[in-house]
Number of protein chains: 2
Amino acid sequence: MKLNIANIRNTISTAGLKVTPQRVAVLEAIYKLGNHPTADKIQEYIRGEHSNIATGTIYNVLETLTEKGIIKKVLTDKDVMRYDGITESHHHLYCRKTEKIKDYQDTELDEIIRNYFKKKRIPNFEVDEIKIQINGKFKK
Amino acid sequence: MKLNIANIRNTISTAGLKVTPQRVAVLEAIYKLGNHPTADKIQEYIRGEHSNIATGTIYNVLETLTEKGIIKKVLTDKDVMRYDGITESHHHLYCRKTEKIKDYQDTELDEIIRNYFKKKRIPNFEVDEIKIQINGKFKK
DNA sequence: GTCTTAAATAGGAATTATTCTAATATAGGA
DNA sequence: TCCTATATTAGAATAATTCCTATTTAAGAC
């Protein structure tokens, strides 16, 4: 992943966006925090580490980055949106108890599903992306 | 589905819940409205059709019905929770453009996935349920 | 390096979804 | 019919997100 600032700046710039300190800070926070932070966590991180940033700006930046496909929104059972810096295809494990979300990559499963939808078409629907949400609980 | 009032009352009662007019109205609304209504849509429907109902009650009832497995919460990319009266295993088609959610049942696919996870275990995770979210767009 | 301007941000108010609270009402068993 | 635990009401409170407008700034042009 794009862990250093130069790469982050480059990612933003390549998407045709102005490289502002706020955008860099938000994207850096998402990469550093990992584990699908909320807007709130991102703000907290930025305010702790760096400078001040307006709440509205966080949401603006997140929206912009999402539009450009640099980050993704993550679905949750709760009403708070979360953000994910990994945009390669992957799935999520949702723990009912702890509300943790963990990434789950499984190329074999992807392959099986891709093959399945190659032969089977859904009428009147054009498939872009398939995400699998696996609910259960983490054993410790 | 349980379309008539007698069945709805029975569903609520069998779950060990008191059969109140509000619970009946909410569940009826979910069945009648279909298409995964929001709490707001449910309230609108009830206020139009029947009597008044407190907003807090809608949320209370939805929570209670969800706990008993009579309805399910549906994940969305937006921050508004939606509710589903169908609790048999099924998946959802999400349209990026119209934000419509359509049910998608596919027993063949379920079978493939069930078999897959029979042989492949995810370390430290106990799987309860697998949901597939298919993003794309409806062709008209 | 300076200028220019379209685009971005700040700060705070406004909105929206949801939860909470305490007072009142009621379902359903005794 | 009565009793009581549970549910509902109305409205206040909270939390997440969006909106608004004045100010600032990135980056391309000069």
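Reminder, nothing fancy here: chain letters follow the sequence lines and each chain counts from 1.
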Trainee: For C:dG11, does either OP1 or OP2 sit under 4.0 Å from a side-chain N or O belonging to A:Asn52?
Mentor: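 True: A:Asn52 side-chain N/O within range (under 4.0 Å) of C:dG11 OP1/OP2.
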Trainee: Please report, rounded to the nearest Å, how far the P atom of D:dA15 is from the CG atom of A:Asp40.
Mentor: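 Rounded to whole Å, this separation is 10 Å.
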Trainee: Between B:Lys73 and B:Glu63, is the closest basic N to carboxylate O distance under 4.0 Å?
Mentor: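 Yes.
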Trainee: Rounding to a whole Å, what distance do you find between A:Ile42:CD1 and C:dT9:P?
Mentor: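 Taking atom P of C:dT9 as the reference, CD1 of A:Ile42 is at 14 Å.
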Trainee: Please tell me which of the listed nucleotides, C:dA10, D:dT17, C:dT18, lies nearest to the side chain of A:Ile53?
Mentor: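 Nearest to the side chain of A:Ile53 among the choices is C:dA10.
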Trainee: What does the B/S/- profile of nucleotides 22-30 of chain D look like, 5' to 3', with a 4.0 Å heavy-atom cutoff to protein?
Mentor: ----BS---
Trainee: Rounded to the nearest angstrom, tell me the gap between atom NZ in B:Lys41 and atom P in C:dA17.
Mentor: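 Whole-Å distance recorded here is 10 Å.
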Trainee: Is any side-chain heavy atom of A:Asp106 closer than 4.5 Å to a side-chain heavy atom of B:Lys120?
Mentor: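 Yes, side chains in contact.
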Trainee: I need the B:Leu109 CG to A:Tyr116 OH distance, nearest 0.5 Å.
Mentor: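 That separation rounds to 5.0 Å.
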Trainee: Please compare A:Thr55 and A:Asn60 by the position of their nearest nucleotide in DNA chain D and report the one closer to 5'.
Mentor: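 Comparing both residues, the 5'-ward one is A:Thr55.
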Trainee: Just so I know, are the side chains of A:Lys131 and B:Ile132 near enough to count as touching, which here means a heavy-atom distance under 4.5 Å?
Mentor: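 No, their side chains stay 4.5 Å or more apart.
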Trainee: Using a strict threshold of under 4.0 Å (side-chain N to carboxylate O), is an ion pair present between B:Lys119 and A:Glu108?
Mentor: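 Yes, charged N to carboxylate O under 4.0 Å.
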Trainee: When you measure from the side-chain N and O atoms of B:Tyr59 to the phosphate of C:dT19, is any distance below 4.0 Å, counting only OP1 and OP2?
Mentor: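 No.
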Trainee: Tell me, please, which residues at least two apart from A:Gln22 pass side-chain hydrogen bond (donor to acceptor under 3.5 Å, both in side chains).
Mentor: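 side-chain hydrogen bond (donor to acceptor under 3.5 Å, both in side chains) check on A:Gln22 returns nothing, list empty.
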Trainee: What is the distance from CD1 of B:Ile58 to P of C:dT19, rounded to the nearest Å?
Mentor: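 Taking atom P of C:dT19 as the reference, CD1 of B:Ile58 is at 13 Å.
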Trainee: Figure out the CD/C1' separation between B:Glu63 and D:dT6, and round it to whole Å.
Mentor: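 These atoms are roughly 17 Å apart.
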Trainee: May I ask you to test the A:Phe138-B:Glu126 pair for a side-chain heavy-atom distance under 4.5 Å?
Mentor: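 No. Closest side-chain heavy atoms not under 4.5 Å.
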Trainee: Taking the side chain as every heavy atom from C-beta outward, state whether A:Leu62 and A:Ile30 have any pair of such atoms under 4.5 Å apart.
Mentor: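 A:Leu62 vs A:Ile30: side chains touch.
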Trainee: Under a 4.5 Å cut-off applied to non-hydrogen side-chain atoms, are B:Gln105 and B:Asp110 in contact?
Mentor: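 The answer is no; the side chains never approach within 4.5 Å.
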Trainee: Can you tell me the distance, in whole Å, between the CZ atom of B:Arg23 and the C1' atom of D:dT9?
Mentor: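 Rounded to the whole Å, the gap is 15 Å.
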Trainee: If we fit an axis to the first five pairs and another to the last five of the helix from C:dG1-D:dC30 to C:dA30-D:dT1, what angle do they make, to the nearest 10°?
Mentor: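 Angle reported: 40°, given to the nearest ten degrees.
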Trainee: When the distance from CD of A:Gln43 to P of D:dT18 is rounded to whole Å, what number comes out?
Mentor: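 After rounding, the gap between these two atoms is 14 Å.
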